[in-house]
Amino acid sequence: MNDAREQPIEYARNRAHDLLANAEADLAAGRITEAQYYNRGDAVITPAYLAGDNPRSQSGHSGDEDHWRVARSHICDAFHRSGTFLDVGCASGYLMESVRRWAAASGVDIEPHGLDLSPQLADLARRRLPHWAHRIHTGNAIDWLPPQRYDFVRTGLEYVPQRRRADLLRHLLDHVVAPGGRLIVGSFSEEVPALLSGPTLAQQIVTWGFVVNGHAERPHYHDERLLYRSLWIDG
Ligand SMILES: C[S@@+](CC[C@H](N)C(=O)[O-])C[C@H]1O[C@@H](n2cnc3c(N)ncnc32)[C@H](O)[C@@H]1O
């Protein structure tokens, strides 16, 4: 058995599993408010990312460049044309740079923008990417009102409590995605079909009343129990 498979699958899927699960339980029990939920995540994530010694670790990714590409580049499958791209939860801004580079290899011209809950991480992204500093914003995706709309908007659902996830998608589609644009969810890790006991994330999103118009997936870099996935909803 290799190291990856010795790790419980919850942690293989998301290294912040305990942090999110505890905050979720405290929120559901009324021990914390929603504002405290966000503050609690930020208090752990921001110092950990700022301590990173490369732009991947400063975006929460522990692997090397090859691993990063395998885990994230399928997001570009959602780009059916050139356009603007907003990375919700941009951290160091490395995904902004990466998707522009990966898409360009297929002849697609992507103009990246960023948003992060953490002022310190948004500042880090602005320092790293001074030519895009004016495109990097601070705010909470659940209610942020943008200065413009974007053709492609990427988000993670884990950025908000479970009970607000449908609201997050609705808000981004109604206020942030440009007419004719796409809302991309992911990347996220999901169990391979043989191991999945409940609905897929795409199936859950459909039960919330959205139409999932496409998806992409890749084998996991080192854990055969998991797939990297992303999916998109046309605005
Ligand atoms: C794992 S990093 C993602 C980095 C990069 N976008 C990627 O996909 O690899 C998650 C980032 O989302 C930010 N974040 C978490 N909750 C958020 C929210 N509600 N609104 C905006 N950003 C949020 C965190 O501060 C963190 O920088």
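First listed ligand is number 1; within each ligand, the first listed atom is number 1.
Below 3.5 Å of separation, one finds an N or O of Asp87 facing an N or O of ligand 1. Taking distance alone, with nitrogen or oxygen atoms compared against 3.5 Å, Ser118 stays at or beyond that limit from ligand 1. Of the N or O atoms in Ala141, one or more lie within a sub-3.5 Å distance of an N or O in ligand 1.
Residues passing the ring pair (Phe, Tyr, Trp, His ring centres under 6.0 Å) test with His74, sequence neighbours excluded: none.
Remark: Arg13 does not engage Asp223 in a salt bridge, criterion side-chain N to carboxylate O under 4.0 Å. A salt bridge links Asp77 with Arg218: the closest approach of a Lys/Arg side-chain nitrogen to an acidic carboxylate oxygen falls below 4.0 angstrom.
Here the shortest heavy-atom distance to atom 24 (C) of ligand 1, taken over Val99, Leu117, Asp116, belongs to Asp116. For atom 7 (C) of ligand 1, the candidate residues are Arg72, Gln120, Arg56; the nearest heavy-atom contact is made by Arg72.
A donor atom on one side chain and an acceptor atom on the other are not found under 3.5 Å apart for Arg149 and His175.
With hydrogens left out, the protein atom closest to atom 12 (O) of ligand 1 is Gly89 CA, 3.2 Å, a heavy atom. Nearest to atom 1 (C) of ligand 1 among the protein's heavy atoms is Tyr49 OH, 3.0 Å.
Formation of a donor-acceptor pair under 3.5 Å by the Arg72 side chain with backbone atoms of Val99 is not found in this model.
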Could you go through residues 48-57 and list every donor-acceptor pair under 3.5 Å that involves a side-chain atom there, pairing it with any protein atom two or more places apart or in another chain?
residue: Asn54; atom: OD1; partner: Arg56; partner atom: N; Å: 2.9
residue: Asn54; atom: OD1; partner: Ser57; partner atom: N; Å: 2.9
residue: Asn54; atom: ND2; partner: Ser57; partner atom: OG; Å: 3.4
residue: Arg56; atom: NE; partner: Gly63; partner atom: O; Å: 3.0
residue: Arg56; atom: NH1; partner: Glu65; partner atom: OE1; Å: 2.9
residue: Ser57; atom: OG; partner: Asp53; partner atom: N; Å: 3.3
residue: Ser57; atom: OG; partner: Asn54; partner atom: N; Å: 3.3
residue: Ser57; atom: OG; partner: Asn54; partner atom: O; Å: 3.1

